[in-house]
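Working notes, structure below.
What you see below is based on every heavy atom in this structure, not just the backbone, and it leaves out hydrogens, waters and symmetry mates. Only a predicted model underlies this, so the values are computations on that prediction, with no experimental measurement involved.
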Amino acid sequence: MLDIGLFELLVFSVPILVTLTVAYWVIRLAVRHGTLDAYRIDRVDQRIAGMQAATRRTQKTYGGSEPE
C-alpha cells in the first residue's frame with residue numbers, strides 16, 4: 001500500500017476536487033446559456049413567422065399583391 005499521510009492526500013486531492021467542481025459549473029452554465037439562447041431565437045422565429053402569415057392572410061383577404 002502507499003505510504004501517504006493525511007496531509008499529502010489533502011494536498012493532492014483538494015486541488016483536483018476544486019478543479020473538477022469549477023469545470024462542472026462552467027460547463028453547466030454554458031449549457032444553460034446556450035439553451036436559453038436557443039429558446040429566445042426560437043421565440044423570435046415564431047413571432048416572425050406569425051407576422052408573415054398574418055400579412056399573407058391580409059393580402060389574400062384584401063386582394064393585395066403577393067411579394068416575390
Apart from Leu20 itself, what residues make up its hydrophobic cluster, given side-chain heavy atom links below 4.5 Å? Phe12, Ile16
Without placing hydrogens or testing angles, list every side-chain donor-acceptor pair under 3.5 Å for residues 36-47, not counting sequence neighbours.
{"unit_1": "Asp37", "atom_1": "OD1", "unit_2": "Arg40", "atom_2": "NE", "d": "3.3"}
{"unit_1": "Asp37", "atom_1": "OD1", "unit_2": "Arg40", "atom_2": "NH2", "d": "2.5"}
{"unit_1": "Asp42", "atom_1": "OD2", "unit_2": "Gln46", "atom_2": "NE2", "d": "3.3"}

Listed by chain and number, what are the side chain to side chain contact (heavy atoms under 4.5 Å, CB included) partners of Ala53, not counting sequence neighbours? Arg56, Arg57
Pairs meeting criterion side-chain hydrogen bond (donor to acceptor under 3.5 Å, both in side chains) with involvement of residues 5-26, two or more places apart: none
Using links of under 4.5 Å between side-chain heavy atoms of ILVMFWY residues, direct or through other members, which residues join Leu17 in one cluster? none
Which residues end up grouped with Val22 if you chain together Ile, Leu, Val, Met, Phe, Trp and Tyr wherever their side-chain heavy atoms are less than 4.5 Å apart? Leu6, Leu10, Val14, Val18, Val26
Answer whether the closest heavy-atom distance between the side chains of Leu29 and His33 falls below 4.5 Å. no
Connecting only ILVMFWY residues whose side-chain heavy atoms lie within less than 4.5 Å of each other, what is the rest of Val31's hydrophobic cluster? Ile27
